[in-house]
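Presented below is the structure to which this report refers.
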Amino acid sequence: MYTSESTKFSAKADIGQTSRILIVEDEELIREMVVVALEEEGYEVVTTTDGRAAVEYLKNCEPNSGEESLDLVILDLMLPQINGLDICRLLRHQGNPVPILMISAKGSETDRVLGLEVGADDYLTKPFSMRELVARCRALLRRQRFSTVPQLPILKYKDVSLNPQECRVLVRGQEVNLSPKEFRLLELFMSYARRVWSREQLLDQVWGPDFVGDSKTVDVHIRWLREKLELDPSRPEYIVTVRGFGYRFG
């Protein structure tokens, strides 16, 4: 069986923090101490007391299962029915990336290495302080948040591709060097292909609303971009002038 502990948000919790942690521990005293320590930090806590119940709960937390997802698993090594090593192996075999903090009374180097090799992200030896456990949980959750930052898609149109992550632009397979303003201008165009932008809109989006200067600045940067993108800048196929309105891409 698994139980959902009541959530107690405190002043220590980060604003907007809703991390959900599963504790798999059969020793009641340790389990209750960990629950209290994590709830005081503002985490939502769910507990199970044996390996089989943990596997069932984790299965229900898979995407599209209808259950809320988990952000971290605190997993005891020695458990009834299914031990922590086997649970860890199963999760990684299924491609489940949830961070796992393994806890155990076995503190030899061999045991720690084995736990990490089967897929645990961290290993904590009993007895441990609640302060250290909370610190390790924070570190794992922080690492998970950074690793799950969505990657911006590469923008492509005909022979032009723009990689927002790497700030790189390829034209007909060759990398071209763009100034920061040229890059931002091209990224805006490619993000909204076929949309017509006025000079004022482009100034606001790329140069910012506080820009003080002539709208001809846009025309100059458009000319520079065309020289780098177009086979024939005088007959552009990428950045097209829409007379009386402004410019569009494509």
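This one's a predicted model, so the numbers in the text were calculated from it and none came from an experiment.
How far CG of L101 is from CZ of R136: 7.0 Å, rounded to the nearest 0.5 Å. Summarising the geometry, atom CD belonging to E237 is positioned 6.0 Å from atom CG belonging to L231; distances are rounded to the nearest 0.5 Å. Interatomic distance, CZ of R20 versus CG of L141, reported as 13.5 Å (0.5 Å rounding). Here the straight-line distance linking atom CG of L124 with atom CG of L77 works out to 12.5 Å at 0.5 Å rounding. Within the model, atoms NE2 of H221 and CD of E182 stand 6.0 Å from one another, a figure rounded to the nearest 0.5 Å. Between atom CG of residue D214 and atom CG of residue L203 there is a gap of 9.0 Å, rounded to the nearest 0.5 Å.
The neighbour count for E28 CD, taken as heavy atoms of other residues, nucleotides or ligands under 6.0 Å away, does not exceed 12. Heavy-atom neighbours of M130 CE from other residues, nucleotides or ligands within 6.0 Å: above the threshold of 12. Annotation: Q174, atom CD; neighbour count of heavy atoms from other residues, nucleotides and ligands within 6.0 Å does not exceed 12. Heavy atoms from other residues, nucleotides or ligands lying under 6.0 Å from OH of Y157 number more than 12.
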Intermediate values then yes/no, side-chain contact (heavy atoms from CB on, under 4.5 Å), M33 and V36: CA-CA 5 Å; M33 289 175 64; V36 170; 6.0 Å; no

Dump the intermediate steps for side-chain contact (heavy atoms from CB on, under 4.5 Å) on L225 and L185, then the final yes or no. CA-CA 9 Å; L225 265 179; L185 193 58; 3.8 Å; yes

Apply side-chain contact (heavy atoms from CB on, under 4.5 Å) to residues D50 and D26 and explain how you reach the verdict. CA-CA 6 Å; D50 67 78; D26 61 322; over 6 Å; no

One pair to check against side-chain contact (heavy atoms from CB on, under 4.5 Å): V24 and L75. What are the steps and the verdict? CA-CA 5 Å; V24 190; L75 182 63; 3.8 Å; yes

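Membership of an apolar cluster is not assigned to V113, as no side-chain contact below 4.5 Å to another ILVMFWY residue is traced. Through direct or indirect side-chain contacts shorter than 4.5 Å among Ile, Leu, Val, Met, Phe, Trp and Tyr, F245 is connected to V196, V242. Listed by chain and number, the hydrophobic cluster partners of L170 come to none, as no ILVMFWY side chain reaches under 4.5 Å of it.
At least one side-chain heavy atom of I239 sits under 4.5 Å from a side-chain heavy atom of F189. E25 places none of its side-chain heavy atoms less than 4.5 Å from the side chain of T49. Between Y57 and L70 there is a side-chain heavy-atom pair separated by less than 4.5 Å. Side chains of L162 and L186 form a contact here, defined as non-hydrogen atoms less than 4.5 Å apart. K181 is listed as a side-chain neighbour of W207, based on a closest heavy-atom distance under 4.5 Å. Contact check for Y123 versus I103: no side-chain heavy atoms found under the 4.5 Å cut-off. When side chains are defined from C-beta on, L38 counts as touching V134, because their heavy atoms get closer than 4.5 Å. Residues L79 and T48 fail the side-chain proximity criterion, which asks for heavy atoms closer than 4.5 Å.
Cluster membership check: V220 does not share its hydrophobic cluster with L178, using side-chain heavy-atom separations under 4.5 Å among Ile, Leu, Val, Met, Phe, Trp and Tyr. Linking Ile, Leu, Val, Met, Phe, Trp and Tyr whenever their side-chain heavy atoms come within less than 4.5 Å puts L72 and F128 in one cluster. The hydrophobic clustering, which links ILVMFWY residues whose side-chain heavy atoms are closer than 4.5 Å, places Y192 and L202 together. In the hydrophobic clustering of this structure, W224 does not group with V169; members are Ile, Leu, Val, Met, Phe, Trp, Tyr whose side-chain heavy atoms approach within less than 4.5 Å, directly or through other members.
Here S129 pairs with nothing under the side-chain hydrogen bond (donor to acceptor under 3.5 Å, both in side chains) rule; sequence neighbours left out. V55 is linked by a side-chain contact (heavy atoms from CB on, under 4.5 Å) to I82, I87, L90, counting only residues two or more places apart in sequence or in another chain. By the side-chain contact (heavy atoms from CB on, under 4.5 Å) test, S234 is found to be paired with D232, residues two or more places apart in sequence or in another chain being considered. Take Q205 and apply the side-chain contact (heavy atoms from CB on, under 4.5 Å) test, not counting sequence neighbours, and it matches L188, W197. With sequence neighbours excluded, the residues that form a side-chain contact (heavy atoms from CB on, under 4.5 Å) with I154 are K156, S161, N163. The side-chain hydrogen bond (donor to acceptor under 3.5 Å, both in side chains) check on D71 picks up nothing, with sequence neighbours excluded. Listed by chain and residue number, D86 satisfy the side-chain hydrogen bond (donor to acceptor under 3.5 Å, both in side chains) test with R89 (two or more places apart in sequence, or in another chain).
Residues L155 and S191 approach most closely at CD1-OG, 3.5 Å, considering heavy atoms. In plain terms, the two heavy atoms of Y43 and S19 that are nearest each other are CD2-CB, 3.6 Å. The minimum heavy-atom distance between P236 and P233, with the atom names listed, is CD-O, 3.5 Å. Among all heavy-atom pairs drawn from C88 and A120, the shortest one is SG-N, 3.3 Å. Across A105 and T125, no two heavy atoms sit closer than the pair O-CG2, 4.3 Å.
A donor-acceptor pair is defined here as one N or O able to donate and one able to accept, closer than 3.5 Å; such a pair exists between the side chain of E230 and the backbone of Y238. Using modelled atom types, no side-chain atom of K228 and backbone atom of V176 make a donor-acceptor pair closer than 3.5 Å. Proximity of a side-chain donor or acceptor of Q201 to a complementary backbone N or O of S198 within less than 3.5 Å is detected.
In this structure, a donor-acceptor pair under 3.5 Å is present between the side chains of T241 and R226.
For the salt bridge (charged side-chain N to carboxylate O under 4.0 Å, His left out) condition, the pairs that include at least one residue of residues 186-209, sequence neighbours left out, are R199-D219. Among residue pairs with one or both ends in residues 91-109, those qualifying as salt bridge (charged side-chain N to carboxylate O under 4.0 Å, His left out) are R92-D121; sequence neighbours excluded.
Between R52 and E56 there is no salt bridge, since no side-chain nitrogen of the basic residue lies less than 4.0 Å from a carboxylate oxygen of the acidic one. Under a 4.0 Å N-O distance rule, the pair E27/K126 qualifies as a salt bridge.
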